[in-house]
Amino acid sequence: MACAWADRLLVTACLVAALCPPVHAQALAVQLAGVSGDKALLVVNGQAPKFMAVGDTHAGVRLLQVTPTGAKVSIAGQQASLVLGESPISVGSRAAAPDTGQQRVVLTADSRGHFLSTGSINGKSVQFMVDTGATTVVLGQADAQRLGLKADGLARVGMQTANGTVVGHQLKLQRVRLGDAEVSDVAAVILPQHMPYVLLGNSFLTRFQMQRDNDQMTLQRRY
């Protein structure tokens, strides 16, 4: 399993309140990744996070207000309140229902070539890193505990990591969500060590058709 880590972690938490905008409004998945003073760190459609000040516009999202625990944005005249600690949803159009044929996610690589994005497992926010060399979704012990996943009684499996072979525990995740795409019953492994990201491996990725174009990766749901 390939385990390449970026040097810094994004402290994330994501939002969200949904409005019911006109059908013609553009759908954008907006995530609040953090707040620093009078600026908000926003992630739009899984692209690289961007710090924005009030009045700034990025990828069709205008920042209207920043508070210590959230932010307010506008998309095509529709407003939404972003709250730290909530799961991401689409803003600007009705969110696609899980497991529909329209699920499509576009990711942009960071300066080190890693595809990072905030998503959710069983409705709770996590920070993913795409790892096509990982057979399953892989979580560290801290993330597993935060998500309420327990290794007790689960089947054991040996996993090859950058630090050698470790023994993990196998399980199935009820729901794994990335952008507007949600997949059920996803195989995963909990490792007894700290990991800066949840590795988004092939038990999730093979449910999609993947296309790489320079620094962009497009995931289109398979059916």
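Index from 1, following the sequence. Heavy-atom basis, side chains included; hydrogens, waters and symmetry copies ignored.
Checked by atom type and distance alone, the side chain of N202 pairs as donor or acceptor with a backbone atom of T132 at under 3.5 Å. Put simply, the side chain of R212 gets close to the backbone of N214: a donor and an acceptor are under 3.5 Å apart. R207 places a side-chain N or O within donor-acceptor distance of the main-chain N or O of S184, the cut-off being under 3.5 Å. Panel note: side chain N122, backbone Q174; a donor-acceptor pair is recorded below 3.5 Å. Remark: side-chain polar atoms of S36 are not paired, donor with acceptor, to backbone N or O of K39 under 3.5 angstrom.
For the salt bridge (Lys or Arg N to Asp or Glu O under 4.0 Å) condition, no pair includes a residue of residues 49-64, sequence neighbours left out.
Hydrophobic clustering, with ILVMFWY side chains joined whenever heavy atoms are under 4.5 angstrom apart, keeps L199 apart from V167.
The environment of Q216 atom CD is dense: over 12 non-hydrogen atoms of other residues, nucleotides or ligands sit within 6.0 angstrom.
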Steps toward side chain to side chain contact (heavy atoms under 4.5 Å, CB included) verdict (L116, M129): CA-CA 5 Å; L116 307 175; M129 182 172 77; 3.4 Å; yes
Full working for side chain to side chain contact (heavy atoms under 4.5 Å, CB included) between V137 and L200: CA-CA 5 Å; V137 173; L200 200 59; 4.2 Å; yes
Evaluation steps, side chain to side chain contact (heavy atoms under 4.5 Å, CB included), between V176 and V126: CA-CA 10 Å; V176 177; V126 297; over 6 Å; no
Full working for side chain to side chain contact (heavy atoms under 4.5 Å, CB included) between H58 and L63: CA-CA 8 Å; H58 170 62; L63 183 62; over 6 Å; no
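Residue T136 holds its OG1 atom at 13.0 Å from CZ of F204, rounded to the nearest 0.5 Å. Atom CD of Q211 and atom CG of L219 lie 10.5 Å apart (nearest 0.5 Å). Between atom CD of residue Q220 and atom CE of residue M210 there is a gap of 13.0 Å, rounded to the nearest 0.5 Å. From M52, atom CE reaches atom OG1 of T57 across 6.0 Å, with rounding to the nearest 0.5 Å.
Counting only heavy atoms from C-beta outward, the side chains of V35 and V66 approach each other to under 4.5 Å. Inter-residue side-chain proximity for F208 and M217 is flagged as unmet; no heavy-atom pair is nearer than 4.5 Å. Residues V73 and L64 form no side-chain contact, since every pair of their non-hydrogen atoms from C-beta on lies 4.5 Å or further apart. Counting heavy atoms from C-beta on, the side chains of L205 and V130 come closer than 4.5 Å. The shortest side-chain heavy-atom distance between H169 and R156 falls under the 4.5 Å cut-off. A heavy-atom distance below 4.5 Å is found between the side chains of I190 and Q141. Annotation: side chain of Y197 is not in contact with side chain of D131 (no heavy-atom distance under 4.5 Å). Inter-residue side-chain proximity for I121 and D143 is flagged as unmet; no heavy-atom pair is nearer than 4.5 Å.
What you find for S120 and G123 is that their closest heavy atoms are CB-C, 4.1 Å. A40 and A71 get closest at one heavy-atom pair: CB-CB, 4.3 Å. Listed here is the closest heavy atom pair of P192 and G168: CD-CA, 4.5 Å.
With F128 as reference, V198 is the one residue of T118, L107, V198 to meet the side chain to side chain contact (heavy atoms under 4.5 Å, CB included) rule.
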